[in-house]
Q: 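Submitted below is the structure of interest, expressed as structure tokens.
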Amino acid sequence: MNESLQIRTFKRAGHIEVICGSMFSGKTEELIRRIRRAQIAKQRVKVFKPRIDDRYSEFEIVSHSEQTFPSEVVIDASEIYEKSFEAEVIGIDEGQFFENNLVEVCQNLADSGKRVIVAGLDQDYKALPFDPMPQLLSIAEYITKTLAVCVICGAPANRTQRISTNSDQILVGAGNHYEARCRLHHIVNTDGNLPRGTDIKIGKEKENAE
Ligand code: ADP
Ligand code: MG
């Protein structure tokens, strides 16, 4: 066989897939779906999540619809590289909670022939880009944006409304702290927060009141 053809046959290109969107948009469900399909195809899979996300389980990623898949907790993205030598498909949930070195780690994993799937919030509760997801979006081969349902009007929602009083960029929680909202019904007040029950007019209501 021709040597260049042999190289083509044996060397496999990896790639990066990003699944991003607001909270409740189905990112974790989609990540689990892809990882399960890879397992059905008898590929070796490995799933990671950051230490900070200990909301439901230390040993699984968990969707809001209670789907689960076994995962390993890591503190720093560099651990993902070290623990993925055997894996062909690597899933990473809550990508936005990692430091920027996640980008280099994903790049190196994909360069070494692996399929890397990263799920994470593309925007924080102020609708600002949530590092390092924008950087991952720019280097990924495949991007999926998932949309939730706006809890106010039922429209497709790509924003996350914080409903508790806290202005840190990272505040881990679910329905107790956050709601899915569309562009029209997402509000960032001066503190960046909208406490539940606060009498703040939203969207068209606000325009009419002014
Ligand atoms: P994400 O990882 O993006 O936060 P999950 O995959 O964990 O989302 O959960 C998605 C599931 O959340 C949906 O299938 C649905 O059962 C549930 N859910 C709860 N509230 C909403 C909402 N406002 N819009 C869409 N899905 C919601
Ligand atoms: Mg999730």
Side-chain angles (χ1 to χ4, degrees), residues 16-39 45-74 77 80 89-98 102 106 116-134 136-137 140 142-164 166 168-188 194 196-197 202-203:
I16 299 172
E17 298 166 36
V18 174
I19 304 163
C20 65
S22 68
M23 279 187 73
F24 307 101
S25 64
K27 301 181 298 297
T28 302
E29 281 178 351
E30 178 60 18
L31 175 62
I32 291 172
R33 190 185 74 86
R34 292 185 195 184
I35 293 291
R36 285 196 180 137
R37 285 176 63 90
Q39 260 192 333
V45 305
K46 195 99 202 244
V47 176
F48 298 95
K49 67 176 188 175
R51 160 78 61 199
I52 191 169
D53 181 25
D54 57 358
R55 278 173 294 182
Y56 308 109
S57 165
E58 204 183 322
F59 307 106
E60 291 165 321
I61 53 169
V62 183
S63 76
H64 293 110
S65 49
E66 295 175 14
Q67 290 185 42
T68 62
F69 194 90
S71 69
E72 191 168 332
V73 160
V74 288
I80 298 176
V89 181
I90 294 137
I92 302 166
D93 202 11
E94 305 290 355
Q96 78 285 348
F97 288 151
F98 285 97
L102 178 65
C106 291
V116 185
I117 314 169
V118 190
L121 290 167
D122 49 359
Q123 300 170 52
D124 66 10
Y125 73 99
K126 292 181 179 175
L128 297 172
F130 208 151
D131 285 346
M133 296 307 290
L136 282 169
L137 285 165
Y142 304 99
I143 295 167
T144 304
K145 277 233 183 193
T146 48
L147 291 157
V149 177
C150 175
V151 297
I152 306 292
C153 71
N158 89 328
R159 301 252 180 112
T160 304
Q161 181 72 57
R162 187 173 285 179
I163 52 175
S164 62
N166 182 309
D168 298 339
Q169 190 187 34
I170 294 178
L171 169 66
V172 179
N176 52 337
H177 291 303
Y178 298 101
E179 285 176 355
R181 299 276 183 98
C182 68
R183 187 179 284 273
L184 184 65
H185 293 122
H186 177 258
I187 304 162
V188 180
L194 178 66
R196 196 192 286 277
I202 47 181

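Whatever order the structure lists ligands and atoms in, that order sets their numbers, starting from 1. The basis for the numbers below is simple: all heavy atoms, side chains too, and nothing from hydrogens, waters or symmetry mates.
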Q: Among V73, I61, D93, V74, which residue meets the side-chain contact (heavy atoms from CB on, under 4.5 Å) test with F48?
A: V74

Q: Using the test salt bridge (charged side-chain N to carboxylate O under 4.0 Å, His left out), find all partners of R33 that sit at least two apart in sequence or belong to another chain.
A: E30

Q: Taking atom CD1 of I80 and atom SG of C106, what is their separation to the nearest 0.5 Å?
A: 6.5 Å

Q: Collect the protein residues that have a non-hydrogen atom under 4.0 Å from ligand 1 and hand them over in chain and number order.
A: S22, M23, F24, S25, G26, K27, T28, E29, S63, H64, S65, A148, V149, V151, A180

Q: Who passes salt bridge (charged side-chain N to carboxylate O under 4.0 Å, His left out) against E72, sequence neighbours left out?
A: K46, K83

Q: Cut-off 3.5 Å, no hydrogens considered: what does the side-chain donor-acceptor table look like for residues 147-160, sequence neighbours left out?
A:
{"unit_1": "R159", "atom_1": "NH1", "unit_2": "H186", "atom_2": "ND1", "d": "3.4"}
{"unit_1": "T160", "atom_1": "OG1", "unit_2": "M23", "atom_2": "N", "d": "3.0"}

Q: Side chains of Y178 and R162, heavy atoms from C-beta outward: is any pair under 4.5 Å?
A: yes

Q: Is the Mg ion (ligand 2) under 2.8 Å from any N, O or S atom of T28?
A: yes

